[in-house]
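Below is one structure, written out as structure tokens; the observations come after it.
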Amino acid sequence: MENLEKNFLLAKKQDRMAQKALYEMFSAKMLAISNSYTNNLHDAEDILIGAFMKCFTKLDECRDWKSFPFWLRKIVVNDSISFVRKNRNILYADIEIADGYSDEDIDERLEEINIEEIFSKMPAGYRLIFNLYIFEEKKHQEIAEMLNISEGTSKSQLSKAKKWLTEFLKAEENEKRDTETIKS
């Protein structure tokens with residue numbers, strides 16, 4: 001924590017070494033966050049660089065060193081969402097919310113899940129809503145406003161994302177079971 005406080009205060013004074021230290025402290029985590037939205041490492045890296053540039057030019061807007069990680073995360077998430085909105089044709093289908101899946105199916109396998117693999121395969125519309133709702137803890141109304149979609153579309157996409165995830169996990173489990181059967 002001492003390093004964060006010291007580097008934060010020096011970075012506010014435009015100290016380049018302190019800015020570099022902050023970048024090194026947070027870049028890996030922020031890159032992973034951005035990549036979870038874009039599903040493209042090159043785009044995520046571009047977003048990350050832009051977010052840090054914005055961060056260092058507006059550092060006076062951050063209240064204090066303790067809130068810096070959260071403030072930076074907000075910049076990265078917002079820039080990632082803006083990027084996806086501008087550069088992707090994501091189709092949101094207004095279809096009835098799907099039933100017939102169990103959140104328990106997901107919870108049981110949570111520790112075995114490779115999030116990056118799943119996100120690379122999950123449809124973009126589902127992934128975006130899922131990230132915002134589950135990881136960023138946004139409400140459907142907030143998501144709808146951010147993405148300029150209806151609240152119902154947000155709910156529908158989350159439901160479909162959960163159903164897709166359940167089906168993906170079941171397929172993985174079946175594949176794993178089939179592989180074990182062949183080996184024995």
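Computed over heavy atoms, backbone and side chain alike; hydrogens, waters and symmetry mates excluded. Keep in mind that what you see is a predicted model, and the values were worked out from it rather than measured.
To the nearest 0.5 angstrom, Ile149 atom CD1 is 7.0 Å from Gln157 atom CD. Once rounded to the nearest 0.5 Å, the distance linking CZ of Arg127 with NZ of Lys121 reads 13.5 Å. Atom CD of Gln14 and atom CG of Leu59 lie 7.5 Å apart (nearest 0.5 Å). Here CZ of Phe8 is found 8.5 Å from CG of Leu22. Values are rounded to the nearest 0.5 Å. One finds the CG atom of Leu10 at 10.5 Å from the CD atom of Glu5 (value rounded to the nearest 0.5 Å).
Pairs passing the salt bridge (Lys or Arg N to Asp or Glu O under 4.0 Å) check and including a residue from residues 25-40, sequence neighbours excluded, do not occur.
Classification of the Phe68-Phe26 ring pair by plane angle, with boundaries at 30° and 60°, yields perpendicular.
Leu72 is listed as a side-chain neighbour of Phe52, based on a closest heavy-atom distance under 4.5 Å. For the pair Asp15 and Asn7, the minimum side-chain heavy-atom distance is 4.5 Å or more. Contact of the Leu9 side chain with the Trp65 side chain is not registered, since no non-hydrogen atoms from C-beta on lie closer than 4.5 Å. The closest side-chain heavy-atom distance from Leu132 to Leu147 is below 4.5 Å.
Looking only at distances, no side-chain donor or acceptor of Ser159 sits under 3.5 Å from a matching main-chain atom of Lys155. No donor-acceptor pair closer than 3.5 Å links the side chain of Ser34 to the backbone N or O of Leu31. A donor-acceptor contact shorter than 3.5 Å is absent between the side chain of Asn40 and the backbone of Asn35.
Electrostatic pairing of Arg73 and Glu136 counts as a salt bridge here, judged by a charged N lying under 4.0 Å from a carboxylate O.
Side-chain contact, Ser82 with Asp79: no donor N or O sits under 3.5 Å from an acceptor N or O.
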